[in-house]
There are 2 protein chains.
Amino acid sequence: MTNAYHPTPRSRVKRSPTRAIYDHEKVHAILDSAMLCHVAYAIDGQPYCTPTIHWREGGQVYWHGSSASRMLRQQAKGMPVCLTVTHFDGLVLARSAYNHSCNYRSAMVFGTARLVDEPEEKRRALDAITERLVPGRAATLRPMSTQEIKATSVVVMEIEEASAKIRAENVGDDAEDGDWPVWAGVIPLVTRTGAPEPSPMLSAGIALPETLAPYRAGRRLDEVMAETYAAYAGKE
Amino acid sequence: MTNAYHPTPRSRVKRSPTRAIYDHEKVHAILDSAMLCHVAYAIDGQPYCTPTIHWREGGQVYWHGSSASRMLRQQAKGMPVCLTVTHFDGLVLARSAYNHSCNYRSAMVFGTARLVDEPEEKRRALDAITERLVPGRAATLRPMSTQEIKATSVVVMEIEEASAKIRAENVGDDAEDGDWPVWAGVIPLVTRTGAPEPSPMLSAGIALPETLAPYRAGRRLDEVMAETYAAYAGKE
């Protein structure tokens, strides 16, 4: 038996249940290979969907932002949240409109957000954001001031439940549509890094450091994120 | 004066308000240049964040899925929703952790979802999904069966309020950090189309059609989506 999240009606995948995944390892791999997530929460019954950067430590996910953020001030109180990561991998074009689909890897994680207010945990978390994205970078930066730490809020959520779905195949046409005379197949979609654009204020003689080697131009972002996450997590 | 959405406390951008955009034209451009959105909604106080494909007609956004979908069955009842589109354009690396940022174009639209159940409106919407993505394709497909139409639900939301945020610049370091000896700049991120992968069941002699020319390999997805949307909307 693998370690797995235990679905309840909240997290159980209902549509295309054969695509459902609850394994820790597979859910975490989807989270860890993404830089961007979307966080859903509700204030007085009004849902919001906010894009942000997340990172994972064991069975917890973190995100952060300005201490003045409406989202973070509300979530700090302890609020049910759904955090979703989606890798959009392709547009699937079938012979019938009905069988059109998408290739994707997505994970939804559920839990209760809370503020990280213990000073040492907060400082570790603030370093972790940088280190998770660019291992080795935090120590090279101008140190954070007390005021900057105060102006930033970090939120953490224990993953109570999670599910993932993956579609990674070519067209699923009906057998009787096989002869319909229209092109069918997949248009792959990939997010890649571009050539680094140095700050116009960069002092002469500062080259791109070795820590940014994983981000060399043209790489798949999901691979960069999986690789930097492994380097980050391996260090701990 | 341009046409603009009128922000209330629900949609007014609080953080970095100089990045806030309410113009119809600019909000719609962000929506129309994306294939993927995330929809936030709450069932019995539990928020959900679901990735899906959306499209816009005037001041309304649509999405669709299986009639058995939990999301769509709940939203069909008339439910407050927040639909968010995010183009993630770059990782911004500053000399201090605090000034790290992201380049992005995001739009949040708010309204009340309702089921499209009028048969003619539903049929038009189901054609629109295909036409919006690949103008000219709907007429080439095996026609939809009554059962397929029944098995699909379409949801529409009048955009009651909307806001967008854009960051598209290099690093915003503090002036006094300019000499700190660390590389600073932007790692651009771009989602592009890959080489089309034909269905293994494709009959001999069926070449990639002219309708898929916008999706030729290596193009920016946001540009393909803006171009196909313009072709689709121009036809009406």
Side-chain angles (χ1 to χ4, degrees), chain A residues 10 14-15 36 38 40-42 45-49 51 66 68-70 80-82 84 86 88 95-98 106 108 126 130 140-142 144 148 170-171 177-194 196-203 206 208-209 215 221, chain B residues 10 14-15 36 38 40-42 45-49 51 66 68-70 80-82 84 86 88 95-98 106 108 126 130 140-142 144 148 170-171 177-194 196-203 206 208-209 215 221:
Chain A
R10 174 168 69 166
K14 294 202 173 57
R15 293 302 310 155
L36 181 75
H38 285 79
Y41 54 102
Q46 171 64 53
Y48 291 84
C49 181
S66 163
S69 145
R70 170 174 52 192
V81 155
C82 172
T84 297
T86 309
F88 193 27
R95 276 95 163 177
S96 64
Y98 187 73
S106 71
M108 295 173 77
L126 289 172
T130 307
T140 68
L141 298 176
R142 189 264 290 154
M144 285 180 277
E148 287 176 340
N170 212 299
V171 181
D177 290 338
D179 291 332
W180 193 270
V182 67
W183 191 89
V186 176
I187 307 286
L189 300 170
V190 182
T191 301
R192 292 186 187 276
T193 52
E197 298 167 354
S199 163
M201 309 194 312
L202 202 62
S203 306
I206 300 192
L208 207 66
Y215 287 87
L221 180 62
Chain B
R10 176 169 65 167
K14 296 203 172 55
R15 294 302 310 155
L36 180 75
H38 285 78
Y41 55 102
Q46 171 64 54
Y48 291 84
C49 182
S66 162
S69 143
R70 169 173 56 193
V81 154
C82 172
T84 297
T86 309
F88 194 28
R95 276 96 163 174
S96 64
Y98 186 72
S106 71
M108 294 173 76
L126 289 173
T130 307
T140 68
L141 298 175
R142 189 265 288 155
M144 284 180 278
E148 286 176 343
N170 212 298
V171 180
D177 290 338
D179 291 332
W180 193 269
V182 67
W183 192 89
V186 177
I187 307 285
L189 300 171
V190 183
T191 301
R192 293 186 187 274
T193 52
E197 298 167 353
S199 162
M201 308 195 313
L202 203 61
S203 306
I206 299 191
L208 208 67
Y215 286 88
L221 180 63

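Residue numbers start from 1 in every chain, and the chains themselves are labelled A, B, ... in the order their sequence lines are given, proteins ahead of strands.
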Discussion item. Quick check for you: among B:Thr193, B:Leu141, B:Val171, B:Ile206, which has the greatest number of heavy-atom pairs under 4.5 Å with chain A?
Written reply: B:Leu141

Discussion item. Has A:Asn170 got a side-chain atom pairing as donor or acceptor with B:Glu197's backbone, closer than 3.5 angstrom?
Written reply: yes

Worksheet item: What distance do B:Leu208 atom CG and B:Tyr215 atom OH have between them, rounded to the nearest 0.5 Å?
Response: 12.0 Å

Item to complete: Ignoring hydrogens and angles, tell me if any N or O in the side chain of A:Thr84 forms a donor-acceptor pair with the backbone of B:Cys49 under 3.5 Å.
Response: yes

Item to complete: Using non-hydrogen atoms and a 4.5 Å limit, figure out which bit of A:Met144 sits close to chain B: side chain, backbone, both or neither.
Response: side chain

Side-chain atoms of residues 178-191 of chain B: list all donor-acceptor pairs with protein atoms under 3.5 Å, sequence neighbours left out, distances to 0.1 Å.
residue: B:Trp180; atom: NE1; partner: A:Thr140; partner atom: O; Å: 2.9
residue: B:Thr191; atom: OG1; partner: A:Thr191; partner atom: OG1; Å: 2.6

Worksheet, complete the sentence: Of the listed B:Ala42, B:Ser66, B:Ser203, the one with the largest count of heavy-atom pairs under 4.5 Å with chain A is B:Ser66

Worksheet item: What part of B:Thr130 lies closer than 4.5 angstrom to a heavy atom of chain A: side chain, backbone, both or neither?
Response: side chain

Practice prompt. Heavy-atom distances under 4.5 Å only: say whether A:Arg15 touches chain B with side chain, backbone, both or neither.
Written response: side chain

Discussion item. For B:Met108, which atoms come within 4.5 Å of any heavy atom of chain A: side chain, backbone, both, or neither?
Written reply: side chain

Discussion item. Which atoms of A:Leu221 are under 4.5 Å from chain B, going by heavy atoms: the side chain, the backbone, both sets, or neither?
Written reply: side chain

Fill in: Portion of B:Leu202 that has a non-hydrogen atom of chain A nearer than 4.5 angstrom
both

Item to complete: Check each atom of A:Phe88 against the heavy atoms of chain B and say whether the ones under 4.5 Å are side chain, backbone, both or neither.
Response: side chain

Discussion item. Heavy-atom pairs under 4.5 Å with chain A: which of B:Pro196, B:Ala97, B:Pro198, B:Pro200 has the most?
Written reply: B:Pro198

Discussion item. Test your reading of the model: is there a side-chain donor-acceptor pair from A:Asp177 to the backbone of A:Ser96, 3.5 Å cut-off?
Written reply: no

Fill in: Derivation and outcome, side chain to side chain contact (heavy atoms under 4.5 Å, CB included), residues A:His38 and B:Thr86
CA-CA 9 Å; A:His38 285 79; B:Thr86 309; 2.8 Å; yes

Worksheet item: Picking from A:Gln46, A:Met201, A:Arg70, A:Arg10, which has the most non-hydrogen pairs under 4.5 angstrom with chain B?
Response: A:Arg10

Practice prompt. List for me each residue that meets side-chain contact (heavy atoms from CB on, under 4.5 Å) alongside B:Pro47, sequence neighbours excluded, and say none if there are none.
Written response: A:Ala40, A:Pro80

